[in-house]
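Below, chain A is the first sequence line, B the second, and so on; all start at residue 1.
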Amino acid sequence: MRPWLETEFGNAASSGHDWGHRAGAAVERARDSVARFLGVKPGEVIFTAGATEADNLAVKGGARAARAAGKGEHLVTTAIEHHAVLESVEALEREGFTSTVVYPGADGIVPPEAIADAIEDDTVLVSVMAANGEIGTLQPVAEIGALCRERGVLFHSDATQMIGKLPFDASLCDLASVSAHKFHGPKGVGALTVRDGVEIEPLFSGGGQERGLRSGTLNVPGIVGLGAVCDLRSKEMEAEAVRVRALRDRLWGGIRERIPEAHLNGSLEHRLPGNLNVSFARCDGEALLTALRGFALSTGSACQSGVTEPSAVLLALDVPPNLARGSLRFGLGGGNTEAEIDALLGALAPAVERLRALAPEPA
Amino acid sequence: MAVPDYNETVLDHYENPRNIGRLEAADGVGTAGNPDDGDFLRLAIRVEDDRLVEVRFQTFGCPAAIAAGSMATELLTGKSIEDAHLFRNHDVVEALGGLPEGKEQCSVLAEQALREALAALPGA
């Protein structure tokens, strides 16, 4: 990325001079890398400012183009999508679209049959994420993609949490969202893959960059960084997934051995390698986080003004509110070690025990 | 979500809460909150000669709720029943040196439970 921040200031859209030409060539090399990594053609990669923009472009752009073509105005999505998708659907509802929200099973996986049942004659777009960031569950993208194709409905997948962690084949989708920073790339850059022949309306009017689908001067350093991280991850990803999964399993094994009443949220089998999400009965998530503040963890529950709001994703899985509020998300990566897992377990078990001792006995 | 920025006093009361547990010889017990869905606090008091000589609490809540319960028991121990009636959650927040924005309400359970405990005293 450095040359494009320090000495190479050419505009990738200006091919009339050498600087612009070099920048344009660098963008195209990055496009090749992203396309290779995701199993699509270079011409199917549209660079954006991140996955939020990609989600908005896919959902709003796909839905509006389909409605303009007279195909209908019904959308299908799930209760565990990112806000960029859920709120795009809400925005479309204000434009007259209707939607069906499909719920996952208790294992955190959306059944393809439930998507099939939700598709109506006037459904124009289905949006189902590839993997959920909070509980790590992998969604049946191949099956849902196939059934959407059969029914002639656009299929978008927000693959932000999956890409770079496990192999992802974007050709299973009509539209797939990518974020660079979720797999060690730069922040503020991402992409949407748009399958050849799929019509979407752009969000921005302007200079017509990216096949007219994303006007605006290209973020050359960011795009080059995204391309580089795709090349890097394609070499390292699978070995790292094995290693990270082993650390994750060590953590879950340790929790099960040392802490009673710890409930795993979401399928263990169909799950991102570095994700663990556990609810500890009779503990408050924020209290646990505070006890473990030397570790980078998170909880889906939030207490504001004395009212604890458990995670919407866990509630969508029908986890009881009092259990959902005691949930912790452990996100492990290539930089973590077994010693860190053991240190975490050493701090977690007494913290859970201590908080439970403070709580009134169950009635 | 991230951990709110609690001050040292709050963290101390969260990590080493005072006067935890049940009180076998309680004269009054009060609860606040909802045990099934939300923060919950149970406060027990023992009274001698119109004074609160022992105050204990249990809670299921965030660090602010735990620290507030702990500080409330410290402030209340030794108070006359009359003074205990004047006790407000604001006193707890002040003694804790403040709570992060949006967290002041977490201290209100102790005051509510205290009212119930005082109302339960024999002859109240």
Contact class of B/L109 relative to chain A, heavy atoms under 4.5 angstrom: neither
Note, A/P360 side chain near B/R22 side chain (heavy atom, < 4.5 Å): no
Side chain / backbone / both / neither for A/A291 at chain B, heavy atoms under 4.5 Å: both
Heavy-atom pair with the smallest gap, counting every atom of B/Y14 and A/L288: OH-N, 4.3 Å
Separation between CD of A/E286 and OH of B/Y6, rounded to the nearest 0.5 Å: 3.5 Å
Heavy atoms from other residues, nucleotides or ligands near OH of A/Y103 exceed 12 (cutoff 6.0 Å): no
Value rounded to 0.5 Å, distance of OG1 in B/T59 from CG in A/L358: 8.0 Å
Geometric cation-pi criterion, A/R282 with B/F40: 6.0 Å, 45°: no
A/R356 NZ/CZ over B/F60 ring centroid, <6.0 Å and within 45° of normal: no
B/N16, CG: over 12 other non-hydrogen atoms inside 6.0 angstrom: yes
Over 12 foreign heavy atoms within 6.0 Å of NE2, B/H85: yes
Close side-chain approach of B/P63 to A/D284, heavy-atom, < 4.5 Å: yes
Any side-chain heavy-atom pair of A/R354 and B/I20 under 4.5 Å: no
Neighbour count above 12 (heavy atom, 6.0 Å) for A/E353 CD: no
